[in-house]
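What follows is a single structure, written as structure tokens, with notes after it.
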2 protein chains.
Amino acid sequence: MKYTLAEEDYLKAIYKIAERQGVPVSTSAIADLMQTRPASVTDMLKKLAEKELIDYKRYHGVSLTKTGARWATQLIRKHRLWECFLVDKLGFNWDEVHEIAEQLEHIQSETLIDRLDDYLENPKFDPHGDPIPDASGAYRMRYQILLSDLGIGQRAILVGVREHGSTFLQYLDQNGLALGVDLEILEILPYDGSLRLRLAANDPILISGQVARQLYVRQIPTTG
Amino acid sequence: MKYTLAEEDYLKAIYKIAERQGVPVSTSAIADLMQTRPASVTDMLKKLAEKELIDYKRYHGVSLTKTGARWATQLIRKHRLWECFLVDKLGFNWDEVHEIAEQLEHIQSETLIDRLDDYLENPKFDPHGDPIPDASGAYRMRYQILLSDLGIGQRAILVGVREHGSTFLQYLDQNGLALGVDLEILEILPYDGSLRLRLAANDPILISGQVARQLYVRQIPTTG
DNA sequence: GTCGTACTTTAGCCCTGTCTAAAATTGTCC
DNA sequence: GGACAATTTTAGACAGGGCTAAAGTACGAC
Ligand SMILES: [Mn+2]
Ligand SMILES: [Mn+2]
Ligand SMILES: [Mn+2]
Ligand SMILES: [Mn+2]
């Protein structure tokens, strides 16, 4: 089976919204994410339902069928593997790859993506810390703990980002907040919830609660 | 400027026909190469002329403008670099890459292709021996001598193929006719123009005149 | 239970790219 | 120069994907 670029982008959008907000997924949530109009979404939903990629009941939102979810997962696999390629092989920064991967994910080839996977040595996470589904669609859920969930004195490793905008990612770069860094919460300011962090051996930095809510971490048991 | 996938494929088709048959390029030649209808071609020609990518006079064929030729060359550059990537890095055979490159050539990114070029160490020829334009669009013309142009006793190196179909390429593989092989014409059969060739140190092979007309060679001066 | 607002769908339109069938043009052969 | 065959263009239609404006539905507040 083959689907159009537009159909594929809708499937991916529905998958991502369902992953965060659960089902059913509303027309306006899709329109919002895809920067399009609700009326256009309704039109496409009818087509996707016709092809049995989604379950759709007028006025009550949609959910992906098994087939639809499978296809969405493959798209995410392709997107994330291409991002790995761009960063690991071509030397792009993690804030530059999303747009390009958004195009590359639609390349149709049975074998291309599996060979790319092997060439990259089967990475399990993309440059943003997002898990990469294997050829069967299975993937390990990433730790869902946000930095904002932790308390003073707790230590953690940065393992992912919720927000993918390049402005945000560049901000992280400039503050030494790369994936894998070891950090400790020194202080949480009572006025606005800003956090003071110690990163490795460097001077402490201050980040807003807004930023802390975009950072996924793996907690390190405090051995003291 | 950005163009659609269809527009890009038309530009490439016009470029390729002009390269072989010269200008002006006829509507039916384009329809033929693109597996579409002359009426559809006429529609598109009007749009391309409107955008000043081609010079078009009703009933008299088309030629590319400077802008159109430049864009076509960039597409060919992208197509051929991606083919190199697929063969050199991902291990595809030269008969498997055309379809995939046909899609990859449309990926839009200022920097992607230049980084890919560097990653591949700036190859000058693609897996089929076709020259790869540099970032400015310049490329060295490949030797245009066909194996069928040579006579008995002459030696040559196989440097390219005119036909790109996978059936043909697989036939070449099975007969040891890879790019770079050294060959000598032992005999040209008078009845049908078939050629008997010596390849390196192997047993001689027989190929048809039809095949010989698809093979580009660089002649080796016979030092005897 | 009715009302009002927010959300969703429908109706009608546009643009791209394709097609078939019919009309127009070219250019050759006499 | 005229007739004709091949080529090309136009006319009209359709499918995919999108938009605006108008109409329909759901559901919380009363
Ligand atoms: Mn996409
Ligand atoms: Mn990513
Ligand atoms: Mn193409
Ligand atoms: Mn090639």
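Reminder, nothing fancy here: chain letters follow the sequence lines and each chain counts from 1.
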pair Thr36(A)-Ile30(A): side-chain heavy atoms closer than 4.5 Å | no
Please name the pair of heavy atoms, one in Glu110(B) and one in Asp114(B), separated by the smallest distance, quoted to 0.1 Å.
-> O-OD2, 3.6 Å
Among Glu7(B), Glu19(B), Glu102(B), whose salt bridge (Lys or Arg N to Asp or Glu O under 4.0 Å) with Lys12(B) holds?
-> Glu102(B)
For the residue pair Ala6(A) and Met44(A), what are the closest heavy atoms and their distance?
-> CB-CE, 3.8 Å
Do we get Lys47(A) above Tyr10(A)'s six-membered ring, with its NZ or CZ under 6.0 Å from the centre and within 45° of the axis?
-> no
Separation of Leu5(A) atom CG from dG17(C) atom P, in whole Å?
-> 14 Å
Judged by modelled atom types alone, do Glu105(A) and Trp82(A) share a side-chain donor-acceptor pair under 3.5 Å?
-> no
Taking it one step at a time, do Leu172(B) and Leu215(B) satisfy side chain to side chain contact (heavy atoms under 4.5 Å, CB included)?
-> CA-CA 10 Å; Leu172(B) 296 183; Leu215(B) 301 178; 4.0 Å; yes
For DNA chain D, what residues of residues 37-63 of chain A have any heavy atom nearer than 4.0 Å?
-> Arg37(A), Ala39(A), Ser40(A), Asp43(A), Met44(A), Lys47(A), Tyr59(A), His60(A)
Side-chain donor-acceptor pairs of residues 52-64 of chain A under 3.5 Å, sequence neighbours excluded:
none

Bend of the helix from dG1(C)-dC30(D) to dC30(C)-dG1(D) from end-axis comparison, five pairs per end, nearest 10°, comes to 10°
Any residue of residues 11-33 of chain B with a heavy atom less than 4.0 Å from an atom of DNA chain D | Ser26(B), Thr27(B), Ser28(B)
Tabulate below the donor-acceptor pairs under 3.5 Å that side-chain atoms of residues 120-127 of chain B make, not counting sequence neighbours, or state none.
residue: Asn122(B); atom: ND2; partner: Asp117(B); partner atom: OD2; Å: 3.4
residue: Asn122(B); atom: ND2; partner: Asp118(B); partner atom: OD1; Å: 3.2
residue: Lys124(B); atom: NZ; partner: Asn122(B); partner atom: O; Å: 3.1
residue: Asp126(B); atom: OD1; partner: His128(B); partner atom: N; Å: 2.6
residue: Asp126(B); atom: OD1; partner: Gly129(B); partner atom: N; Å: 3.1
residue: Asp126(B); atom: OD1; partner: Asp130(B); partner atom: N; Å: 3.0

List the atom of Val25(B), the atom of Gly22(B), and the distance in Å for their closest heavy-atom pair.
-> CG2-O, 4.0 Å
Gln108(B) and Glu8(B): side chain to side chain contact (heavy atoms under 4.5 Å, CB included), yes or no, with the steps?
-> CA-CA 12 Å; Gln108(B) 315 234 345; Glu8(B) 291 192 333; 4.1 Å; yes
Which nucleotide span of DNA chain D, 5' end to 3' end, has atoms closer than 4.0 Å to non-hydrogen atoms of chain B?
-> dT8(D) to dT10(D)
Atom of Gly160(A), atom of Leu179(A) and distance for their closest heavy-atom approach = N-CD2, 3.6 Å
